[in-house]
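All remarks here apply to the structure that follows.
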Amino acid sequence: MAGNSRDPGRSVTARALSVLTAFDIDHVRLTLTAIARRAEIPLATAHRLVRELEMWGALQRDGDGRYAIGLRLWEIGLLAPVNSRLREVALPHMQELCRHTHDNVHLAVRSGLEVVYVEKLTTPRAVPIISRSGGRLPLHSTGVGKVLLAHAPTTVVHECCERGLDRHTAYTITEPGRLGRELQSVRSRGFAQANEEMTLGNCSVAVPVHDAGGSVVAALGVVAHSARADVGKLVKALLPAAEGIRQRLVELDRSELDLLSR
């Protein structure tokens, strides 16, 4: 469930956040009763918080009385650095990749034990996929996720394995030892591959995106149909795109330092 406990000691902020996190990809429109249930707060409390959030613009009410995330919350979300900087820098390179491959192109970052898709581009010829911009998927069963997990602290890998590696298809890696060997291979060869591990018929290939300091800040990936995916060609297309993003991030950092030194 999306909410928290019914602990009466929770702050107003915690309760308001539980109202907002009641919404997810499978619950984009909710009744007041459903919000209260998913947030695990009394209906009267939900009514008051929802009314205040609606007045502020964080929620909006449809004609049938259901609520959805409001425009003002979306506007604030666009101010996050991952969107205002990383996404804007990567977008031209992603567009070129999309034109070149005619496949799905992803830019993703790690949030805890999940992949968050910052941007997704697709074409009419691309294979259908379940990912979406702003959506989350597991780290261990996606190409971009494997890249991010391979370059994450070892504590993150251990926590991921301890939580359990869910099997999404018959090809998903669910054994911690095998996953560890796979991540070592990702680090040594410079790219990750997930062949039908998240969705049957799909193959994803991804490479790391580094910042000016050399740290991996994101993963850039392509998802194609398994039957026609040429991993070598996809890697050759992905690597210069990731390098172009890195170079632009370096340029922006230098420009900011120049401004500060004046």
Side-chain angles (χ1 to χ4, degrees), residues 82 86 90 93-94 97 101 103-118 120 129-131 135-226 229-247 249-250:
V82 70
L86 179 60
H93 301 280
M94 295 179 67
L97 263 176
T101 64
D103 288 314
N104 303 285
V105 178
H106 287 147
L107 179 71
V109 298
R110 182 177 66 84
S111 176
L113 302 181
E114 295 177 308
V115 170
V116 176
Y117 289 85
V118 178
K120 165 193 169 183
I129 53 178
I130 62 175
S131 59
R136 292 171 177 256
L137 285 177
L139 287 167
H140 70 286
S141 54
T142 58
V144 288
K146 287 183 181 181
V147 166
L148 297 168
L149 192 57
H151 295 278
T154 55
T155 53
V156 174
V157 180
H158 292 158
E159 187 178 354
C160 189
C161 293
E162 288 175 359
R163 187 183 66 170
L165 304 173
D166 293 337
R167 184 182 296 279
H168 302 281
T169 74
Y171 304 99
T172 307
I173 295 176
T174 58
E175 303 82 12
R178 185 182 169 197
L179 178 62
R181 292 189 294 273
E182 175 77 1
L183 297 180
Q184 177 59 44
S185 178
V186 170
R187 287 188 291 269
S188 62
R189 70 191 181 196
F191 71 91
Q193 179 181 355
N195 194 15
E196 301 192 356
E197 294 182 44
M198 191 71 218
T199 305
L200 291 176
N202 291 359
C203 174
S204 62
V205 180
V207 300
V209 176
H210 298 84
D211 63 8
S215 299
V216 174
V217 293
L220 184 66
V222 172
V223 180
H225 196 288
S226 300
D230 187 323
V231 175
K233 287 185 178 180
L234 291 177
V235 172
K236 287 182 179 180
L238 282 162
L239 287 174
E243 175 59 17
I245 297 171
R246 186 197 69 82
Q247 289 179 0
L249 291 174
V250 170

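Scope of the values below: all heavy atoms of this structure, side chains included, with no hydrogens, waters or symmetry mates. The chain is numbered in sequence order, starting from 1.
Considering all non-hydrogen atoms of both residues, Ile245 and Val209 come closest at CG2-CG1, 3.6 Å. Across Thr169 and Glu196, no two heavy atoms sit closer than the pair OG1-O, 2.5 Å. Of all heavy-atom pairs between Cys161 and Pro176, the closest is SG-CB, 3.8 Å. A pairwise comparison of heavy atoms in Val147 and Ala206 identifies CG2-O, 3.5 Å as the closest pair. Across Leu148 and Val109, no two heavy atoms sit closer than the pair CD1-C, 3.4 Å. Across all non-hydrogen atoms, the minimal contact from Gly190 to Pro208 is O-CD, 3.4 Å.
For the atom pair Leu183 CG and Ile173 CD1, the distance stands at 8.0 Å (nearest 0.5 Å). Note that CG of Leu220 is 14.5 Å distant from CZ of Arg246, once rounded to the nearest 0.5 Å. Rounding to the nearest 0.5 Å gives a distance of 8.5 Å between OH of Tyr171 and CG of Asn195. Within the model, atoms CG of Leu165 and CZ of Arg178 stand 11.0 Å from one another, a figure rounded to the nearest 0.5 Å. Between the CD atom of Glu114 and the CG atom of Leu139 there is a distance of 7.5 Å, given to the nearest 0.5 Å. For the atom pair NE2 of His225 and CG of Asp103, the computed distance is 10.5 Å after rounding to the nearest 0.5 Å.
Using modelled atom types, one finds no donor on one side chain facing an acceptor on the other under 3.5 Å when comparing Gln184 with Arg181.
A side chain to side chain contact (heavy atoms under 4.5 Å, CB included) with His106 is found for one member of Leu97, Ile129, Val115 and no other, namely Ile129.
The main-chain N or O of Gly112 is found under 3.5 Å from a side-chain atom of Arg110 such that the two form a donor-acceptor pair. Thr174 contributes no side-chain N or O that, together with a main-chain N or O of Asp166, makes up a donor-acceptor pair within less than 3.5 Å.
Within the structure, side chain to side chain donor-acceptor pair (under 3.5 Å) contacts touching residues 138-151 (residues at least two apart or in different chains) are Lys146-Glu182, Lys146-Glu197.
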Full working for side chain to side chain contact (heavy atoms under 4.5 Å, CB included) between Val205 and Phe191: CA-CA 7 Å; Val205 180; Phe191 71 91; 4.1 Å; yes
Derivation of the side chain to side chain contact (heavy atoms under 4.5 Å, CB included) call for Ser204 and Met198: CA-CA 9 Å; Ser204 62; Met198 191 71 218; over 6 Å; no
Leu149 vs Leu179, side chain to side chain contact (heavy atoms under 4.5 Å, CB included): CA-CA, chis, key distance, verdict: CA-CA 10 Å; Leu149 192 57; Leu179 178 62; 4.1 Å; yes
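Residue Glu243 places its CD atom among more than 12 non-hydrogen atoms of other residues, nucleotides or ligands, all under 6.0 Å distant.
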